[in-house]
Structure formats: C-alpha cells, structure tokens
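Note sheet for the following structure.
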Amino acid sequence: MLSAGRRVFSALARPTLRDATRLRPFARSPAALRRLLSALAVLEQRNGELNMGSLSAVSAAQQLGGSVHGFVAGGNISGVASEAAKIEGVDKIIAVDNSAYDKGLPENYAPLLVENIKRGGYTHVVAGNTAFGKNVMPRVAALLDVQQVSDITAIGDDKTFVRPIYAGNAIATVESSDPIKVITVRGTAFPAAAVGSGAAAVEEGVDPKAESPAEWMSEDLAKSDRPDLATAGRVVSGGRGLKSKEEFDRVMLPLADALGAAVGASRAAVDSGYADNSLQVGQTGKVVAPQLYMAVGISGAIQHLAGMKDSKVIAAINKDAEAPIFQVADVGLVGDLFDKVPELSEKLKKT
C-alpha cells in the first residue's frame, strides 16, 4: 500500500536502529510550527493496571516537539489515570471510565478514540505496535480517512518517519501529508517514558457509547513468574531443534531460570506445539531487543531475525555450523543442544 506522501528506500545488508539517527532531529524545526503540533499517546491498561509497554508511545510523541496528551479507557480506571498523570512530559490525561472498553475491542474502542481525537484537534495519534495497537489503530485510521504509518523506529520531523520493511532487510523513510498522522511505534526503538515526577491534569473524555457487534467471550492466558518477554533484559528462545514440547520444557526452562530470563520461541517451535504462541519472537510475533538473546536450536530464518536482530548480544547454540543464525550471532557454540544447554544451565546455577 502506498503512503499519502512519498517513500525513500534504503537497502541495508543488516539494518539496525542506529541507521535511523542519520535523520535531522525535529528540534531544528521552527518553534512556531512545533507549538501547533499536539499528539495523543494511547495508553493500554489491563485489570486496572497501566501497561508499561505502551509508554514507548509517549516517548515517541514527545519527540514530535508539541504538546503530549495521554488517553486511557476502561472500567474503574481512576487509579490508572492517576498513575498515568505521573508520566514525565505528559500535559494532560484523557480518561473514559466505562467497562465496555476494558478488553480493547476495536469495534467500540476505535469510534471512542476517534471522537476524542476530533474533540482535541490532535495532529498525531501514537500507539505501541502491540497486539492492541495492531488491532485498534487501523480502524482509527480508516474512520479518519487517513493512512496509518506502522511500526516506526525513528522520527525525522512531524511528517517523516522511518520504518523497517521486507522483514527488516530494508529501511523505508515515509513522508505523510495526511492532516492527522496515525502512528504505531516499535517498543524496542523508543525508551519507555519515566513514571514518577509528572503532574498532568486528568480530564474526562467524551464517550460516544458506540455499540459493538462483537462480544468478549473468554481468554486463555499463559501465566508465568518469569520476566515479560517484550521487556525482559535477557531472553532465551528455542526452535524446531528441540523436537518436542517435553524437550523444550526440559531444556529451556532451567536455562531461563538460571539466567533470570524470559522464554521465547521461533515460529517453527510454536507451530509444532512446543511453546505457546504468546512466546513467539519474529516478524509475526514479538519484536525484542534485550541485553542478551540466546537462540537454541534456531536456524535463523529471516522472519525470526526480524524480531531479535537488534539485541545487544546474540548467542547461538546449534549443531549445524552453517546455520544462518551464526551470521548475526556475537557468540556461537556448535554442538548438540541436548548436551550443551543442560551443561550450561548447571554451570550457571553454580556461579
């Protein structure tokens, strides 16, 4: 799909987020223009708790240079709104207290968001490129008759954005001429905004009470005491080489516990039933950039690399010395994972 403006493509052998820093910061734009800008950062909440993963949307909105407001909706959210008001750099929190929006169903959440966007006259609407953002924001863009700019990793100015394409093998600079820019941001590219010293005002938003043709029935969430995969500083991921769910659990879980790491998996492992789909890392799963990413029994398909190649240190264990994963790994170990990983886990426990 073509953008409302122009695209400039730059092919890179191994693109990183550092390439985006070549753009000139928007701070050099005229101050008068920046005062006309206003951004609405969409904040996620679940069960009365603010989702810290959505705070990257606030950081991105702040880089635009204008005023930044936050938006949150759900039932009994006074506590969430009060916590959101403490986010540094946010001038106002727009809150809508209605349990109909608890689950973020796009059929009624999108009309709600559009009404508040129009009321506030915002020039930019920013959300995280999460499951929630991917579900709601395209509908918001359609209702506003604008084109969404998805999964950005850097901001050039108020209408120029950088995003990876072709599974991260090329970087596109996208210029949008739409009057309202609807944007989702890659969480690993923007640091989460700090919560603590802010003092934003909380204002009641407009609630159109749009009827939803969809009804929330139930959910089955994988629960774990380990760190959250999307924000963990250490991640260990298993692939098809683990051969079964039993072996995946036997080999990977002790390693994760020894490192204090989150557990991830390749799509091949998820499709084979070795791990829950909430643990999938890659182009069609979660994008992570931890301090340490350990790939076990993962060949290194391009779709998987798109979700983890920006990790600070990549370690790989695979019996195939020619596996593509070794081309991006900082540290590699060629050997049988069923021998090497348990041995590594035991040594880590003793240190």
Side-chain angles (χ1 to χ4, degrees), residues 39-61 68-117 119-120 125-137 139-140 184-185 187 190-212 214-232 262 276 278-279 286:
L40 183 66
V42 183
L43 303 174
E44 302 174 35
Q45 65 88 26
R46 176 177 284 271
N47 300 324
E49 294 184 2
L50 186 64
N51 183 347
M52 296 303 172
S54 63
L55 296 183
S56 58
V58 177
S59 298
V68 177
H69 294 176
F71 179 86
V72 63
N76 300 316
I77 58 166
S78 58
V80 178
S82 297
E83 184 179 7
K86 298 177 182 178
I87 301 173
E88 295 180 10
V90 175
D91 304 309
K92 184 188 297 183
I93 296 295
I94 310 298
V96 175
D97 195 331
N98 187 335
S99 60
Y101 306 116
D102 273 344
K103 300 302 182 180
L105 292 175
E107 290 83 1
N108 64 354
Y109 204 104
L112 164 72
L113 197 50
V114 167
E115 287 298 317
N116 285 276
I117 293 168
R119 180 191 184 193
V125 185
V126 189
N129 195 52
T130 59
F132 171 84
K134 293 176 181 178
N135 209 15
V136 172
M137 298 305 281
R139 288 176 179 262
V140 171
T184 61
V185 304
F190 297 90
V195 179
S197 62
V202 178
E203 179 182 298
E204 184 178 353
V206 59
D207 186 358
K209 294 183 171 60
E211 293 187 8
S212 174
E215 180 183 355
W216 183 269
M217 300 300 292
S218 65
E219 64 182 355
D220 185 13
L221 299 176
K223 296 182 179 180
S224 174
D225 294 331
R226 296 183 180 85
D228 179 64
L229 176 59
T231 58
D276 187 80
S278 64
L279 302 182
K286 289 184 171 66

| Between atom CG of Leu112 and atom CD1 of Ile117, what is the distance when rounded to the nearest 0.5 Å? | 9.5 Å
| Residue Glu49 excluded, over 12 heavy atoms near CD under 6.0 Å | no
| field | Partner of His69 under side-chain contact (heavy atoms from CB on, under 4.5 Å), chosen from Ile93, Val58, Asp91, Asn116 | value | Asp91
| note | In short, Ala262 meets Leu229 closest at the heavy-atom pair CB-CA, 3.8 Å
| message | Donor-acceptor pair, distance only, cut-off 3.5 Å: does the side chain of Ser54 make one with the backbone of Glu44? | response | yes
| Donor-acceptor under 3.5 Å (Ser59 side chain, Ala193 main chain) | yes
| said: Between Tyr109 and Asn135, is there a side-chain donor-acceptor contact under 3.5 Å, judged purely by atom types and distance? | reply: no
| Verdict with reasoning, Met137 to Val125, per side-chain contact (heavy atoms from CB on, under 4.5 Å) | CA-CA 9 Å; Met137 298 305 281; Val125 185; 3.7 Å; yes
| query | With a cut-off of 6.0 Å (strictly less than), are more than 12 heavy atoms of other residues, nucleotides or ligands near CG of Asn76? | reply | no
| task | Measure from the side-chain N and O atoms of Asp102 to the backbone N and O of Gly75, and report whether any donor-acceptor pair falls under 3.5 Å. | result | yes
| query | Val126 and Ala61: which non-hydrogen atoms are nearest, and at how many Å? | reply | CG2-CB, 4.2 Å
| Sidechain-backbone polar pair: Gln45 side chain, Ala73 backbone, donor-acceptor under 3.5 Å | yes
| Minimal non-hydrogen separation, Ser278 against Lys286, with atom names | O-NZ, 2.7 Å
| CD on Glu83 to CD1 on Ile77, rounded to 0.5 Å | 12.0 Å
| request: Specify the closest pair of heavy atoms between Leu43 and Leu55, including all atoms of both residues, with the distance to one decimal. | output: CD2-CD2, 4.3 Å
| task | Not counting sequence neighbours, which residues clear salt bridge (charged side-chain N to carboxylate O under 4.0 Å, His left out) with Lys86? List them please. | result | none
| field | Nearest atoms (heavy-atom pairs only) where Glu107 meets Ser212 | value | CB-OG, 3.3 Å
| What is the minimum heavy-atom distance between Val206 and Val96, and which atoms define it? | O-CG2, 3.9 Å
